[in-house]
Enquirer: 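Can you read through this structure? Questions will come right after.
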Amino acid sequence: CSSDLSYDGVIGVGETTPDDFVVSSSGLARNSRIMAPGNGAYTTDAGGSYGSNGVIGTSFASPIVAGVAAVVRARWPQLTPRQVAAHLCRTADDITMKNNAIAEFMAPRVNMYRAVTTEPLTRPFMRVASVRQRVSSGSPSNRFRAGDTLHLEFGITNDLAPGTAEVRSEEHTSELQSRFGISYAV
């Protein structure tokens, strides 16, 4: 739930089955901050009744997330839209165990019960708000040469309760040098 789309206030929604398996056509990674059931969702039929025959797509998952967001906003009207989005992510369920092959690209699945029963301003929610990079040689930041040092600057924002963040780095200098001919400093 840490990735943001290009548009402020937009929550990208991915699609799962009712059993929490990600549908192959669903968006992942930067395209989905949160998942919701969209495969087999109930909706109105052309004849005025309800059904789920042939219903599939994020177009059916998105209204579920929008409905949960509306209920959260009704319960805590002082929350900003960004805080509502952060609260939905913080109270969502981890479904990576059912989706091992794509676990590193997955967002959690929305959990309405937890979203409306968990006080939103009790824990922080940190996200990377910006990333700035610079190459020591002055070359464009998307191109590296042997011996270049890449300088990264991250802006971290807390959207909910006060808290602290711990920043860690893992150095893979030898791998970077052998594969790409570059090194970095932290």
Side-chain angles (χ1 to χ4, degrees), residues 1-129 156-166:
C1 241
S2 60
S3 61
D4 279 331
L5 293 173
S6 300
Y7 302 101
D8 194 30
V10 173
I11 302 173
V13 178
E15 176 193 6
T16 68
T17 66
D19 296 326
D20 288 338
F21 291 100
V22 174
V23 177
S24 63
S25 61
S26 178
L28 295 171
R30 289 188 53 90
N31 294 320
S32 298
R33 281 188 80 181
I34 198 160
M35 308 298 279
N39 185 297
Y42 283 95
T43 187
T44 53
D45 284 338
S49 61
Y50 297 92
S52 62
N53 189 23
V55 173
I56 185 170
T58 55
S59 295
F60 297 98
S62 294
I64 292 172
V65 174
V68 175
V71 172
V72 166
R73 189 74 188 267
R75 178 134 163 63
W76 294 286
Q78 76 277 16
L79 295 180
T80 66
R82 186 172 292 282
Q83 288 175 315
V84 171
H87 183 64
L88 293 183
C89 290
R90 193 171 57 95
T91 57
D93 292 330
D94 181 356
I95 59 171
T96 55
M97 293 295 285
K98 290 189 174 184
N99 300 279
N100 277 339
I102 55 172
E104 67 184 283
F105 306 107
M106 291 250 345
R109 191 228 334 107
V110 69
N111 182 323
M112 183 171 184
Y113 178 79
R114 285 185 34 204
V116 298
T117 59
T118 303
E119 175 64 39
L121 299 175
T122 57
R123 287 186 13 220
F125 184 84
M126 308 290 193
R127 66 182 169 84
V128 176
I156 301 192
T157 300
N158 177 10
D159 288 321
L160 292 175
T164 59
E166 180 180 329

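Throughout, numbering of the chain's residues begins at 1 and tracks the sequence. From a predicted model like this one, the values you see are computed outputs, not experimental measurements. Just so it is clear, the values below take in all heavy atoms, side chains as well, and ignore hydrogens, waters and symmetry mates.
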Enquirer: So, taking the atom named CH2 in Trp76 and the one named OG1 in Thr118, what distance separates them when rounded to the nearest 0.5 Å?
Expert: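 So the CH2 of Trp76 and the OG1 of Thr118 are separated by 7.0 Å.
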Enquirer: Test your reading of the model: is there a side-chain donor-acceptor pair from Glu15 to the backbone of Ser26, 3.5 Å cut-off?
Expert: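 Not a single qualifying donor-acceptor pair exists.
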Enquirer: Is a side-chain donor or acceptor of Asn99 paired with a backbone partner of Asp20 at a separation under 3.5 angstrom?
Expert: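 Such a contact is found between Asn99 side chain and Asp20 backbone.
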Enquirer: Show the numbers, then the answer: is there a side-chain contact (heavy atoms from CB on, under 4.5 Å) between Ile64 and Arg109?
Expert: CA-CA 11 Å; Ile64 292 172; Arg109 191 228 334 107; over 6 Å; no
Enquirer: Tell me the closest heavy-atom pair linking Ala36 and Ala61, and the distance in Å.
Expert: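 Smallest heavy-atom distance, with atoms named: O-CB, 3.4 Å.
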Enquirer: Are Lys98 and Thr16 packed together at the side-chain level, in the sense that at least one heavy-atom pair is separated by less than 4.5 angstrom?
Expert: no
Enquirer: Between Arg33 (side chain) and Cys89 (backbone), is there a donor-acceptor pair under 3.5 Å?
Expert: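 No, because the side chain of Arg33 does not come within donor-acceptor range (under 3.5 Å) of the backbone of Cys89.
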Enquirer: Give, for atom OH of Tyr113 and atom OG1 of Thr91, the distance between the pair rounded to the nearest 0.5 Å.
Expert: 12.0 Å
Enquirer: Rounded at 0.5 Å granularity, tell me how far CZ in Arg73 sits from NE2 in His87.
Expert: 13.0 Å
Enquirer: Does any non-hydrogen side-chain atom of Phe125 lie less than 4.5 Å from one of Gln83?
Expert: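 Of all side-chain heavy-atom pairs linking Phe125 with Gln83, none is under 4.5 Å.
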Enquirer: Would you find a donor on one side and an acceptor on the other, under 3.5 Å apart, between the side chain of Ser49 and the backbone of Asp45?
Expert: no
Enquirer: Can you name the nearest heavy-atom pair linking Leu160 to Pro120, along with the distance?
Expert: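 Smallest interatomic distance, heavy atoms only, reads CD1-O, 3.6 Å.
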Enquirer: Roughly how far apart are Met112 CE and Leu88 CG, rounded to 0.5 Å?
Expert: 10.0 Å
Enquirer: When you measure from the side chain of Arg123 to the backbone N and O of Ala161, does any donor-acceptor pair fall under 3.5 Å?
Expert: no
Enquirer: Answer with yes or no whether the side chains of Asp19 and Thr17 bring together a donor and an acceptor at under 3.5 Å.
Expert: no
Enquirer: Are Leu121 and Leu79 close enough that some pair of their side-chain heavy atoms sits under 4.5 Å apart?
Expert: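 Yes; the side chains approach each other to less than 4.5 Å.
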Enquirer: Roughly how far, to the nearest 0.5 Å, is the OG1 atom of Thr96 from the CD atom of Glu104?
Expert: 11.5 Å
Enquirer: Let me confirm one number: the CZ-OG1 distance from Arg90 to Thr122, rounded to the nearest 0.5 Å.
Expert: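 The distance works out to 4.5 Å.
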